[in-house]
Amino acid sequence: MDYMPEEFDIDFFRDTGFMRKQCISCSSYFWTLDSEKKTCGDPACESYSFIGNSPVYRKYTIDEMREEFIKFFQNDSEFRHKFIPAYPVVPRWRDDVLLVNASIYDFQPQVTSGLVPPPGNPIVMSQPSIRMLDLDLVGKTGRHLTTFEMLCHDAFNYEDKFVYWKNETIRYSFRFLTERLKVDKNLITYKEKPWFGGGNAGNAVEVFVRGLEVATLVFMDLKEDPNGDVEIEGTKYSHMPLRVVDTGYGLERLVWLSAATSTIYDAIYDKTINFLIENSKAKKINDKIMAKISEISAVIDPYSEEKVMNEVKKFMESKKMEYNEDFIKQLKFLREVYSLADHTKTLLLMFSDYVIPSNVKVGYLARTLIRRSFRFIDDIGFKYDLEKLLEFQYGEFKNIIPRFDEKFISDIIKIEREKYNAVNQSSFNIVKKFIKDDDLPLDSIIRLYESYGINEDLISDIYHQITGKTLIIPDNFHELIIKNKEIGRKETKKQLTFPDIKTRPLYYDNTKILEFTANVLYSCDKKIILNQTAFYPEGGGQPYDLGYFIYNGKRINVLNVQKYGDSIVHFLDSDIPEHSRIKGVVDYNRRHQLMIHHSATHLLLGVMRSYFGDHVWQSGVKKDVNESRLDITHYKKITEEDIKNIEDLCFRAIEDGKTIRVTNEKWNTALDKYGFRLFEGGVPVSKTIRVVTIQDIDSEGCGGTHLDNTSEIHFIKIIKTETLQEGIQRVTFAAGPAALRYVQKLYNIIKAEQEYMRVDEDKIADQSKKYIEELISLRKTYDDQSREITKNIINNPEKINNINVYNIENYTNIKLLISALQKFNQESIVINRLQNEVIIYIISGQASSITDSLISLIKNNGIEPDRVTKSHGICIMNVNNIKNTDILLDSIKKVKS
RNA sequence: GGGCCGAUAGAUCAGCGGUAGAUCGCCUGCUUUGCAAGCAGGAGGGCUCGGGUUCAAAUCCCGAUCGGUCCA
């Protein structure tokens, strides 16, 4: 990217008298009205100067500041911005990220790619965002949060419609700060900075006031393109026809600036902090110390606990304050209080989108926050539980948290508390096992973390409890873990390329079209593309259709159908030349069964949501001919009773004959109408969304083929439920003819079992139980008798040469005999004559070693053992060709011990 | 989706080729005014399931099932 001065050579800067300077500390270019200013505004170059000295004319709360910002951009006559309510924090409209990280995420990729128009232009909104990356720093640096609201005023400039660009954006930010917050214009600095991320790039300016970054104004006009003419840090970009103004103001930062407190937490969570302090061991700490920590932390980047605490110590000593154990403990408590305020707000946002804590993906992030919260609550001795704190926080942030589903949250917290306690309890014993001679090597620590999920803090806690020593865990512990893993690379499918030919999908016109004629527009290596087709290509969890084409009177089978862009490609068992006109026939039975399973899937999902609760989302789906499966988010195991109830509810909906309707709707109107539930089955890459609605039950964006009425499903039978991962239940089921076949299969199994057992079908379970119990009791009797027999054998040995010899035949319970003999400290030899071989066991007691001489004696007699194994004072010889064991007995007679 | 762990008495786990074990809990008795505790005795096991290796498998190998956990 060129850093030409003209990038920001805008009317507003010129007219207002801004000067472009270069920072003496970091060499960045920045714009200021202050002729004395030498640094760029970044705290790394000049540190905070707003704490205790607010540049804002009054103190704002979060709600007040949000209102101030939105109203300014909504109502100012110069440009009226449309207000857009916040999107959920879980971005169901895209699958490349787990959480909304910034306001622009709401419009990626559909709007930013130009495919879908924005919901307004220009727009203003406040988007709650979650960033888990710096989780460890929350509470420590005075500024890090996992949740913040990103205020933005965004404009989308198309080739045929210009809204506004750099000049207006920067002027607006200046006007907001100076007119509304009444910040002295000399305190505002704009620092130039290139910006890139998510496949896009552009110029940007960061806005600083007294050392605090309050906003970033991004001018996105580049997209990643290997043939592009602009290069930034090794990646090539090209100019986009759509230029996006993407601004991000930190709402909490602005509130902090106005309150000028020592930490951001004190500015935004003051009530929650007081609530926590009043009900725990934590206390407030001198403001000057906390302000100092925030200031140092802003300068030391990356953060280092050691460096920061050294500075704090120096500072306190210079002020004649005592830096001691008690202070360190109190600081830890206060940081935990700050973290609790932060974590619980993040959790409320996650819970309002029904995130279920688990061991994977976004659920794992939620669990991390929950477990940290439990730890902090226990540590500071908070009088109430996490649920109570969440309730308190909801009272504080009602305006931005869409809902508080009490039953869901209470269930989740209860389950998570139990799991957390169980993990803590077992962790002690597990860690103990790994400690050898007061030592716990790094390998073991990694294993404890990866296999048992015990975090490094807990490991070092337990280590300290057991050994009294301090365990050193490397700073880059998490990096080591990632490096430790082999990066499992997905084998990328060989990307087939086809010419860009549009195929008209007849299955959308009418699902009952099964025979059609078409022109072959492209043919290559048994793959053809037609002008139109009734064959459904694989997609949306629905497999492709099968069938055949008739060409020249010959029947050519369809093996596979796939969609590439707008082309539908048929894979055949032999070639059809281009420009042919052919007839296609779709396999009706297969298609019909797939349609039944597809519609049944939607019905089942709708029914399960109303049965279990609104937290039920589709997380995966696969339809097939014999059975289909649907994965849902749900935090409990599905019981047999649930299965029965769900089947009954489905049956009722089938009986009622609910209509199934397909409509095509514009992106934004569909979203307004149905919300983000539309994207359960995946996100369509198109201007319009095809919405499949089952009357009163479910609406979903879906590209599949469906029945017209639920009555055509006939009935649904659930075959199996299982926990796929924590928080995700898989339901395997069959519908229509497949369900009938399944029931018939079960009937045959039961019938066979019934005939075998010779009882009525309802007695099969009782009867098998009886048989198993009988078997167990017989085995016991057998074991007892074997013991008795063994005892008899041992008591009646043949004494040869002072050695106990047991010459026995076909003895099966050899284990009992040998182990009993081992207990005596006497030489014994067991000769067990089996069908095809003789096995000789020499149990040589404690001191003696007769085995070697016995082996050589046997060999002298012309007997070659097929195998000799020695272990634990036993020698075992397998001899295959031996008729008479007398030779063995003779050899024993000659042995000298 | 990939990796790593695990499944043994009611609970927590030990055993890791040779008779199925410990602790807590449970039952009975003794001691005690009673409780807690102590002493003595006792009951309680398809060693998750299915194959394989072995003279011999809870133990080793391969599957399946269920669970834990870390990383995408």
Side-chain angles (χ1 to χ4, degrees), chain A residues 95-98 358-365 367-368 371 419-420 422-423 425-430 432-434 443-456 458 477-491 619-620 631 637 720-726 728 730 768-769 771-780 782-784 786-791 794 808 810-824 828 830-843 865-880:
Chain A
D95 46 20
D96 55 334
V97 287
L98 299 177
S358 81
N359 52 351
V360 289
K361 290 188 177 175
V362 65
Y364 177 66
L365 301 179
R367 171 165 291 168
T368 305
R371 293 208 169 164
K419 289 191 186 226
Y420 173 76
V423 165
Q425 208 173 15
S426 61
S427 295
F428 187 88
N429 293 329
I430 296 167
K432 199 173 168 185
K433 241 191 298 187
F434 278 84
D443 279 3
S444 301
I445 301 173
I446 290 174
R447 179 116 174 266
L448 284 165
Y449 180 84
E450 281 187 337
S451 299
Y452 299 95
I454 309 171
N455 75 49
E456 65 275 24
L458 188 56
F477 179 68
H478 287 270
E479 271 175 55
L480 283 172
I481 281 172
I482 293 159
K483 272 184 200 154
N484 205 29
K485 286 178 189 302
E486 280 180 78
I487 297 156
R489 278 198 180 188
K490 274 185 207 163
E491 269 187 51
S619 101
D631 304 336
K637 227 178 145 52
K720 186 186 176 182
T721 62
E722 60 191 311
T723 308
L724 193 65
Q725 293 160 351
E726 256 193 297
I728 297 180
R730 169 165 294 176
S768 350
K769 193 179 165 212
Y771 284 153
I772 294 280
E773 278 166 358
E774 216 168 294
L775 176 73
I776 292 165
S777 130
L778 281 170
R779 276 184 191 168
K780 268 185 196 162
Y782 174 76
D783 284 348
D784 288 347
S786 297
R787 245 168 242 139
E788 209 49 44
I789 293 165
T790 306
K791 221 181 272 173
I794 290 171
I808 51 179
N810 279 330
Y811 194 71
T812 47
N813 221 327
I814 200 76
K815 191 173 170 175
L816 275 175
L817 180 61
I818 301 295
S819 51
L821 287 172
Q822 271 188 307
K823 288 217 165 159
F824 299 122
S828 322
V830 176
I831 301 166
N832 193 14
R833 285 167 285 141
L834 301 175
Q835 211 90 34
N836 299 320
E837 63 174 345
V838 174
I839 303 162
I840 304 151
Y841 302 82
I842 305 164
I843 297 127
D866 292 280
R867 182 163 50 179
V868 179
T869 39
K870 292 184 191 175
S871 71
H872 309 308
I874 309 177
C875 176
I876 296 146
M877 263 183 274
N878 302 50
V879 188
N880 272 336

For this session: Give the rounded distance in Å between these two atoms: CG of A:L816 and P of B:rA56.
Result: 14 Å
Exercise. Distance between the C1' atoms of B:rC47 and B:rG38, in whole angstroms?
Worked result: 34 Å
For this session: For the pair A:D783 and A:K780, find out whether any cationic side-chain nitrogen is under 4.0 Å from an anionic carboxylate oxygen.
Result: no
Exercise. More than 12 heavy atoms of other residues, nucleotides or ligands under 6.0 Å from NZ of A:K637: is that the case?
Worked result: yes
For this session: Nearest whole angstrom, please: distance from the C1' of B:rG67 to the CZ of A:R730.
Result: 17 Å
Exercise. A:N878 has an atom CG; how far is it from atom C1' of B:rU53, in whole Å?
Worked result: 14 Å
Problem set entry | Same-atom distance (P) from B:rU59 to B:rG50, integer angstrom | 12 Å
For this session: Quick one: look up who B:rC66 pairs with, Watson-Crick or G-U, both distances under 3.5 Å, and put none if it's unpaired.
Result: B:rG6
Exercise. Across the strands shown, which category fits A:T790 at heavy-atom distances under 4.0 angstrom: base, sugar-phosphate, nothing?
Worked result: nothing
For this session: Looking only at side-chain atoms of A:R367, point me to the closest of B:rU69, B:rG68, B:rC13.
Result: B:rU69
Seminar exercise, completed: Of B:rA56, B:rA20, B:rC71, the nucleotide closest to the side chain of A:I814 is B:rA56
Exercise. Checking all strands, does A:L834 fall into the base, sugar-phosphate, or nothing category for heavy-atom contacts under 4.0 angstrom?
Worked result: nothing
For this session: Rounded to whole angstrom, note down the C1' distance from B:rG67 over to B:rC60.
Result: 23 Å
Problem set entry | A:E450, nearest nucleotide to its side chain (from B:rC70, B:rU69, B:rG18) | B:rC70
Exercise. Of the nucleotides B:rG18, B:rC66, B:rC5, which has the atom closest to the A:Y452 side chain?
Worked result: B:rC5
Problem set entry | Nearest listed nucleotide, side chain of A:Y364, among B:rG18, B:rG68, B:rC70 | B:rC70
Seminar exercise, completed: Which of A:D443, A:L458, A:N455, A:I454 passes side-chain contact (heavy atoms from CB on, under 4.5 Å) with A:L448? It is A:I454
Exercise. Which one, B:rC70, B:rG68, B:rG67, comes nearest to the side chain of A:Y449?
Worked result: B:rC70
Exercise. Checking all strands, does A:K433 fall into the base, sugar-phosphate, or nothing category for heavy-atom contacts under 4.0 angstrom?
Worked result: sugar-phosphate
Exercise. Would you say the base of B:rU59 and the side-chain of A:K815 have a donor-acceptor pair closer than 3.5 Å?
Worked result: yes
Problem set entry | B:rU28 versus B:rC35 - spacing of their P atoms, nearest Å | 13 Å
